[in-house]
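Okay, structure first, notes after.
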Amino acid sequence: MITRKSKREIEQMQKAANVLVKCHKEIAKLIKPGMTTMEIDAFTESFLRKHGATPEQKGFNGYPYAICASINDEICHGFPRHEKLNDGDIVTIDMVVNVDGGLADSAWTYAVGNVDEKGLRLMEVTKTSLYKGIEQARAGKRIGDIGHAIQQYAEGEGFSVVRDFTGHGIGPTLHEDPHIPHFGLPNKGLRLKEGMVITIEPMINEGSWHSQMGSNNWTARTIDQGRSAQYEHTIVITKDEPIILTEQDK
């Protein structure tokens, strides 16, 4: 079932988003070669609790961590670990924050030290593709318009779009209808309505878009060891410009 959120619900989700954005900005200052994603996980959980928030994904279907930390060829749902990050890695940190029942979800890909030109280009194209999708996310448009804009841009830049994982509705539970694919045809799919709150979270690969599941049954990797990047925002559909709850530049 697809729900449209009330003004009060959206305001509560914005409170969660504010904490999430602050946490991501602190993580951006921390990430460097030699630190571990397990340290980032511990920092995140501590930061959230100090700010009256909880990590919503911890315990979700048995998931044991406050963040997902996906390195290089890991597409999504990477487990934090004790191995040190290397100079030149890229790492996506994804988290869902709960403040008094309001949820916000955002992923960001970070450069660890000095990343090569192609890796930086992958990150740039992925981030731009997110905003290309957000431009289409308004009342009266269809879900296919979002995916089409992302796919046309990313593939036009020589990268591929992951098919196996999508954006989704959110609030008051973590994953709600509708699914938001990051590929598709314009003027196809469900029509967006004012008050819907969704995530757009393209995962863009250097090589093939195909994924394979890791032995932990959570972490997805590329099939060819090409790197993958992801950027994600939680947004509110309005009759005008979409509201980006998790915007970091406001």
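- Outside the 6.0 Å centre-distance limit, the rings of H182 and F165 are not counted as a close aromatic pair.
- Connectivity analysis of hydrophobic side chains (ILVMFWY, heavy atoms under 4.5 Å, direct or indirect) links W218 to M38, Y63, Y65, F79.
- A salt bridge links E157 with R121: the closest approach of a Lys/Arg side-chain nitrogen to an acidic carboxylate oxygen falls below 4.0 angstrom.
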Item checked: Residues K58, E45; criterion salt bridge (Lys or Arg N to Asp or Glu O under 4.0 Å); working and verdict -> CA-CA 10 Å; K58 188 170 185 177; E45 183 155 9; 2.9 Å; yes
Discussion item. For E11 and K15: C-alpha separation, side-chain torsions, deciding distance, then whether salt bridge (Lys or Arg N to Asp or Glu O under 4.0 Å) applies.
Written reply: CA-CA 7 Å; E11 287 172 350; K15 290 178 182 178; over 6 Å; no
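- Of the charged side-chain nitrogens involved, at least one lies within less than 4.0 Å of a carboxylate oxygen, so that K5 and E176 count as a salt-bridged pair.
- For T109 and T92, the side-chain atoms include at least one donor-acceptor pair closer than 3.5 Å.
- The pair E74-R81 meets the salt-bridge criterion, with a side-chain N (NZ, NE, NH1 or NH2) lying under 4.0 Å from an Asp/Glu carboxylate O.
- Judged as a side chain to side chain donor-acceptor pair (under 3.5 Å), and not counting sequence neighbours, the contacts of Y131 are H233, E247.
- When only modelled atom types and interatomic distance are considered, D224 and S208 share no side-chain donor-acceptor pair under 3.5 Å.
- A distance of 7.5 Å separates CH2 of W108 from OG1 of T246, quoted to the nearest 0.5 Å.
- Between the side chains of D105 and T199, no donor N or O sits under 3.5 Å from an acceptor N or O.
- Using modelled atom types, one finds a donor on one side chain and an acceptor on the other under 3.5 Å when comparing T219 with N216.
- Under the 3.5 Å distance criterion, with hydrogens and angles disregarded, no donor-acceptor pair is assigned to the side chains of Q136 and D145.
- A heavy-atom distance below 4.5 Å is not found between the side chains of L85 and T36.
- With salt bridges taken as basic N to acidic carboxylate O contacts below 4.0 Å, one links R227 and E206.
- Using a cut-off of 4.0 Å between Lys/Arg side-chain N and Asp/Glu carboxylate O, K29 and E26 are scored as salt-bridged.
- Every side chain to side chain donor-acceptor pair (under 3.5 Å) that Q151 has, sequence neighbours left out, goes to E155.
- A donor-acceptor pair shorter than 3.5 Å cannot be found between the side chains of K127 and S129.
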